[in-house]
Amino acid sequence: MVRKTALITGITGQDGAYLAAHLVGLGYDIHGLVRWDSYVSPADGLSRLDLLGLVDENITLHYGDICDANNINHLIKEIRPDEIYNLAALSHVKVSFETPASALEINTHGTLNVLEAVRVTGQERTARIYQASSSEMFGSIPAPQSERAPMEPCSPYGAAKLAAYHLARIYRQSYGLWVCNGILFNHESPLRGEGFVTHKITRAVAELDAGVLDKPLILGNLDSVRDWGDARDYVRGMHMMMQTEAPDDFVLASGRSYSVRDFAGLSFDQIGVKIIWQGKGKDEVGLNAATGRVLIKVDLELFRPLELNFLLGDASKAEKHLGWKPEISLEQMIKDMIDADRLLIKEQPICKNQKAG
Ligand code: NAP
Ligand code: F7E
């Protein structure tokens with residue numbers, strides 16, 4: 001049987017690493033785009049894959065940048081991939097308020113570079129494209145959010161992703177490109193970047209358990225509600241979307257929502273610490289119910305200029321048409337993240353910048 005070839009942009013990120021592992025398991029030859037200025041050697045970018053114990057003999061790495069059209073053209077022309085997973089992005093929503101032009105350049109223009117490369121190299125009929133769209137595109141519209149819901153983003157990140165989503169649809173309709181949008185709700189894992197709220201929390205839990213948490217965990221908006229799933233389930237869904245007869249757009253979500261406050265409570269539960277909350281707004285604190293020690297504080301600097309308050313996804317289309325269903329529970333995911341953080345803090349005992357993110 002002929003092996004399929006996949007190109008993954010963003011292979012060094014959380015989803016890129018899990019997707020590469022999943023596709024290696026399915027017998028794919030994989031090519032990954034690695035930013036030249038992020039790593040001394042492209043192989044250094046694979047630390048997440050190393051953590052997965054992945055043998056990388058089927059992975060070929062290329063220095064490149066999604067913002068460099070010539071580079072993307074050249075690579076796609078050379079590799080002639082069967083499947084392109086466009087995961088490269090400035091993915092931190094709060095950072096996108098600080099660097100909105102970069103968000104547009106990477107998340108929108110970068111996507112355009114991939115679409116154009118497939119078109120101008122005449123691979124419309126052979127290359128399938130997965131575009132990493134996001135629940136941030138919905139903004140604060142009423143829940144639950146499905147593929148049919150209106151989209152009113154409230155961050156530069158969301159706006160940039162929405163423009164990319166529309167470009168993908170336009171190239172599908174006008175040039176016949178095989179391109180699908182995966183509209184994914186938040187998904188986390190042991191490989192989640194440390195600036196995201198879930199990983200900040202699980203890391204603090206692991207530090208408390210190891211007796212090295214020396215100051216309270218500082219968080220922003222505790223009221224914000226997200227639909228959190230596990231990245232390992234979601235990369236499986238990405239691949240399923242790419243195997244359908246005709247390209248389409250799909251929401252992947254867990255269908256359950258929790259506030260940041262709930263997520264913190266569930267995480268500390270894992271080590272037998274019950275959190276009680278006192279105060280309001282910037283003065284709210286999370287205390288260890290047994291000892292009264294302040295474990296969580298709020299800092300207004302971590303709030304966003306505009307917040308997306310409530311996300312709850314409706315993934316019934318993916319279940320019906322792809323047979324996709326999440327398999328890993330939130331509790332299991334939190335446990336896995338804390339276990340991974342226990343190992344991490346042995347290497348890096350002090351969290352470098354608790355306020356980051
Ligand atoms: P991530 O961990 O932040 O990974 C982002 C990847 O993009 C990294 O490999 C990064 O490379 C790469 N990248 C950034 N700028 C680039 C550039 N100019 N050229 C080439 N590569 C570049 O993100 P993730 O959580 O895996 O998410 C994967 C994709 O899904 C992203 O597009 C994200 O926006 C989207 N998404 C994520 C979620 C979620 O909850 N995780 C939900 C919906 C959508 P470096 O290592 O060099 O920084
Ligand atoms: O924030 C609140 C924060 O940064 C979640 C990306 O993968 O998912 C992710 O975007 C919520 C927000 O993820 C802190 O205000 C409170 O309401 O973990 P996050 P995100 O912004 O939802 C979407 C679907 C993507 O597409 C993105 O690429 O938590 N929050 N306190 C905090 N957030 C952070 N980061 N840090 C805090 O201390």
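Atoms considered below: every heavy atom in the structure, side chains included; atoms not considered: hydrogens, waters and symmetry mates. In each ligand, atom 1 is the first atom listed, and ligand 1 is the first ligand listed.
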Notebook entry, point to check: Under 4.0 angstrom from ligand 2, any heavy atom of Lys94?
Noted result: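 No, that is not the case, since the closest heavy atom of the residue is not under 4.0 Å from the ligand.
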Next item on the list: Decide whether the shortest distance between a heavy atom of Arg192 and an atom of ligand 2 is less than 4.0 Å.
Entry: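 It does, in that a heavy atom of Arg192 comes within the 4.0 Å cut-off of ligand 2.
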Just go through [options] and tell me whose heavy atom is the nearest to [atom].
atom: atom 34 (O) of ligand 1; options: Phe185, Trp36, Tyr157; answer: Tyr157
atom: atom 26 (O) of ligand 2; options: Ser134, Gly220, Ala253; answer: Ser134
atom: atom 7 (O) of ligand 1; options: Ala253, Gly13, Ala89; answer: Ala89
atom: atom 10 (O) of ligand 2; options: Leu184, Val93, Asp223; answer: Val93
atom: atom 47 (O) of ligand 1; options: Ala103, Ser135, Ser38, Ser91; answer: Ser38
atom: atom 44 (C) of ligand 1; options: Ser133, Ser96, Ala164; answer: Ser133

Next item on the list: Run the numbers for me: atoms of ligand 1, each under 4.0 Å from some heavy atom of Gly10, listed by number.
Entry: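 Reading through ligand 1 atom by atom, the close ones are 6 (C), 7 (O), 9 (O), 12 (C).
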Item checked: Proximal ligand 1 atoms for Ala132, defined as those under 4.0 Å from one of its heavy atoms ->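 Those qualifying, in numeric order: 29 (C), 30 (O), 32 (O), 35 (C).
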Next item on the list: Run the salt-bridge test on Glu136 and Lys94 with the 4.0 Å N-O cut-off and return the result as yes or no.
Entry: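 Answer for the salt bridge query: no.
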Margin query: Quick one about Ser133 and Asn181 (side-chain donor to acceptor, distance below 3.5 Å, no hydrogens or angles considered), yes or no?
Written below: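 Judged by distance alone, the side chains do pair up.
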